[in-house]
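Numbered from 1 within each chain, the chains take letters A, B, ... in sequence-line order. Hydrogens, waters and symmetry mates are skipped; everything else that's a heavy atom, side chains included, is used.
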There are 2 protein chains.
Amino acid sequence: MFSGEEELKSTRDRILDIALDLFTEKGFDKTSLREIADELGFSKAAIYYHFASKDEILMALHMRLHEFGYRAMDRFGRTPANLEAWADLFDELIDEIFANRKIILMHQRNSAAFEGLHHTTEHDDDHHDIEAVFREALADPAVPLRDRVRLTSAVGAIMGGLVLSGDMLNDVPSAQLADLLRDAVHDLLGGRTAKPAGRAGARAGRLTPPG
Amino acid sequence: MFSGEEELKSTRDRILDIALDLFTEKGFDKTSLREIADELGFSKAAIYYHFASKDEILMALHMRLHEFGYRAMDRFGRTPANLEAWADLFDELIDEIFANRKIILMHQRNSAAFEGLHHTTEHDDDHHDIEAVFREALADPAVPLRDRVRLTSAVGAIMGGLVLSGDMLNDVPSAQLADLLRDAVHDLLGGRTAKPAGRAGARAGRLTPPG
DNA sequence: GTCTATATAGGGATAGAC
DNA sequence: GTCTATCCCTATATAGAC
């Protein structure tokens, strides 16, 4: 949805695309507006026609993820707090997570910079941050501790696959990687120790057949 | 091993402790030497008696983790590349990972800054970076793709538990959290789909007994 | 919409007193 | 070992021409 036809994009979007790459590679603070401008072939000051400040570029990128994040967290918030339900949700979400891989990566590599935004720029502010609902679930004493740990582990496992997919597993097709991660998440959220078999088959043969 | 008697520490170590906190909270770039100095009650320039540059502070913190990381990666490099062996290794490593929790957090929140160090400061350089051996295993085509994904997932799961332990699960004792993570990692690395039972018992009753 | 030129601030780093 | 004072550079941001 984002990549594709490079030509007919607005200058604003081209700035954001370059910024996304540079912020991911070098970090927000170490990326100067001059570098972004150079990459696009015009001068630093030209950026200020499109964005009032460097922070606003970061905020615009935040918004790219925010729409997805808000939908996802809304669904999470309406999902019963148990492993089975979470497993199903992740099953559906992983493809979308992969589609937003680049911008998620940028977020996690610049978490400090994003935290700084809350205090300065306006941010709607009456809705919670992307992770707020998630953190609430983790703090909820009504949910068994084991389940909460499993939840963080599942998110971490997905993030691990995502981060490293950009490095070492780049040649692996996303769909295949997504399937393998779904399988891993399932093992993580699959329930208590005893859960013999017949379950892998329940999830519509996404796995490559053994062998 | 790190926290404890706050009084009889060298100024150098006190600088590092404060820097560790500030770098984690606000990020390396957004933390000025003045802030570090203020926190300690003396002036900015005094820091230069102990460190030649800001980068050297970061490097010193890197070294705090490096010793552990090097040992861990050495063991990892000498471990056969299969899920069973990795599971056993993580089993042993998790306690140490928890002991280094703060500094691991700082590393992952400032990964960009640390990458910048390699190109400037000397860094022994003949030994690999902490993650290098790990990345090699991920790139090794001799290892089944599924196993490699499991490996990243396991690391991600631990990191997830670690990161969020600092936020929402702070009241939970580390030992308990470590046990729950060990259990999760085991489910992740436990082998192929069919692996009925009798395995949880094989790992020396670390788990709280069911019920 | 993009340019050049410039204002301004902040932070890393050095010199030298105490 | 810590201080004050200062230098210098970089980067954000603005003003105004084209």
Provide, to the nearest angstrom, the distance between the [atom1] atom belonging to [X] and the [atom2] atom belonging to [N].
X       : N      : atom1 : atom2 : result
B:Asp55 : C:dG11 : CG    : P     : 16 Å
A:Asp13 : C:dG1  : CG    : P     : 12 Å
A:Arg34 : C:dA5  : CZ    : P     : 15 Å
B:Asp29 : C:dG10 : CG    : C1'   : 14 Å
B:Leu33 : D:dC7  : CG    : P     : 20 Å

Decide, yes or no, whether a salt bridge links B:Arg75 with B:Asp88 under the criterion of side-chain N to carboxylate O below 4.0 Å.
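Salt bridge flag = no for B:Asp88 with B:Arg75.
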
Going by the rule side-chain contact (heavy atoms from CB on, under 4.5 Å), which residues pair with [X] if we only count those two or more places apart in sequence or in a different chain?
X        : value
B:Asp74  : B:Arg78
A:Val185 : A:Phe90, A:Ile94, A:Ala154, A:Ile158, A:Leu189
B:Ala19  : B:Phe23, B:Ile36, B:Ile57, B:Leu61
A:Ala52  : A:Glu56

Test of understanding: with ring pair (Phe, Tyr, Trp, His ring centres under 6.0 Å), list the residues that count as partners of A:Phe114, not counting sequence neighbours.
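Here the qualifying residues are A:His62, A:His107.
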
Sub-4.0 Å heavy-atom contacts from residues 36-54 of chain B onto DNA chain D, ordered by number
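B:Gly41, B:Phe42, B:Ser43, B:Ala45, B:Ala46, B:Tyr49, B:His50 - these, ordered by number, are the residues of the stretch whose heavy atoms sit under 4.0 Å from the strand.
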
Check whether any side-chain N or O of B:Thr11 sits under 4.0 Å from OP1 or OP2 of D:dT2, and answer yes or no.
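Yes, B:Thr11 has a side-chain N/O under 4.0 Å of OP1/OP2 on D:dT2.
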
